[in-house]
Every structure is written in structure tokens, then in C-alpha cells.
Amino acid sequence: YLFIDGLHDFVSVERDYELFARFCCDDALIAFHDCDPSAPDVLRFVEGLVARKELVIVERADSLVVAKRSKADA
């Protein structure tokens with residue numbers, strides 16, 4: 001399980017994901033906090049991963065988005 005909740009600019013979210021997601025096993029859950037219009041760069045980054053089919057969203061709760069790597073990417 002990886003929980004990403006750091007700085008909310010695009011570069012910081014991307015860096016946190018790139019630095020830590022590589023340590024997650026294939027079926028790990030990756031959660032992004034503040035993934036909503038109040039933090040547009042977080043939302044844009046996660047939407048990009050989903051659009052590229054790198055992640056699949058499995059749950060949303062308020063501004064928390066939980067995802068897994070897509071099977072095509074595993």
C-alpha cells in the first residue's frame with residue numbers, strides 16, 4: 001500500500017509516484033490524497049495515469065482516490 005500526500009504541484013506528485021511506486025508489488029494499492037478540483041495538479045496527474053492505462057481506480061472517497069496498476073501494465 002502506498003499513500004501519496006505531499007506537495008500538490010504536478011512535479012512533486014509525479015516525483016513521489018516515480019520514487020515510491022516502483023517499490024510496490026504488482027497488486028499493491030496506491031492512494032492519492034487531495035485528488036479533486038481543489039488540487040488540480042494531483043487530479044491531472046492521476047487522470048493521466050488512468051488515461052495511459054497505467055492505473056485503474058478501484059475506490060474514491062471524498063478527495064481520496066485508491067488505484068491499482070492495470071493488468072496490461074503489470
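- Nearest approach of G6 to D16, heavy atoms of both residues: CA-OD2, 4.2 Å.
- L64 belongs to a hydrophobic cluster whose remaining members, ordered by chain and number, are Y1, F3, L29, V58, V66; membership requires side-chain heavy atoms of ILVMFWY residues under 4.5 Å apart, directly or through intermediates.
- Remark: F45 engages F10, Y17 in a ring pair (Phe, Tyr, Trp, His ring centres under 6.0 Å) (not counting sequence neighbours).
- Between R22 and L19 there is a side-chain heavy-atom pair separated by less than 4.5 Å.
- Between L43 and P37 the shortest heavy-atom distance is CD2-N, 4.0 Å.
- For residues 36-49, every residue pair satisfying the salt bridge (charged side-chain N to carboxylate O under 4.0 Å, His left out) rule, not counting sequence neighbours, is listed here: D41-R44.
- For E59, the CD atom sits in a loose shell: 12 or fewer heavy atoms of surrounding residues, nucleotides or ligands are nearer than 6.0 Å.
- Closest non-hydrogen pair, L2 versus C24, comes out as CB-SG, 3.7 Å.
- Listed by first and then second residue, the ring-ring contact (aromatic ring centres under 6.0 Å, His included) pairs involving residues 19-41 amount to none (not counting sequence neighbours).
- Every residue two or more places apart in sequence or in another chain was checked for a salt bridge (Lys or Arg N to Asp or Glu O under 4.0 Å) with R15, and none qualifies.
- For the pair R69 and L55, the minimum side-chain heavy-atom distance is below 4.5 Å.
- Residues forming a side chain to side chain donor-acceptor pair (under 3.5 Å) with D34 (at least two apart in sequence, or on another chain): H8.
- Evaluation of the side-chain contact (heavy atoms from CB on, under 4.5 Å) rule for D62 yields no partner, not counting sequence neighbours.
- Between atom CG of residue D5 and atom OG of residue S63 there is a gap of 8.0 Å, rounded to the nearest 0.5 Å.
- Residues satisfying the side chain to side chain donor-acceptor pair (under 3.5 Å) test with R60, not counting sequence neighbours, are none.
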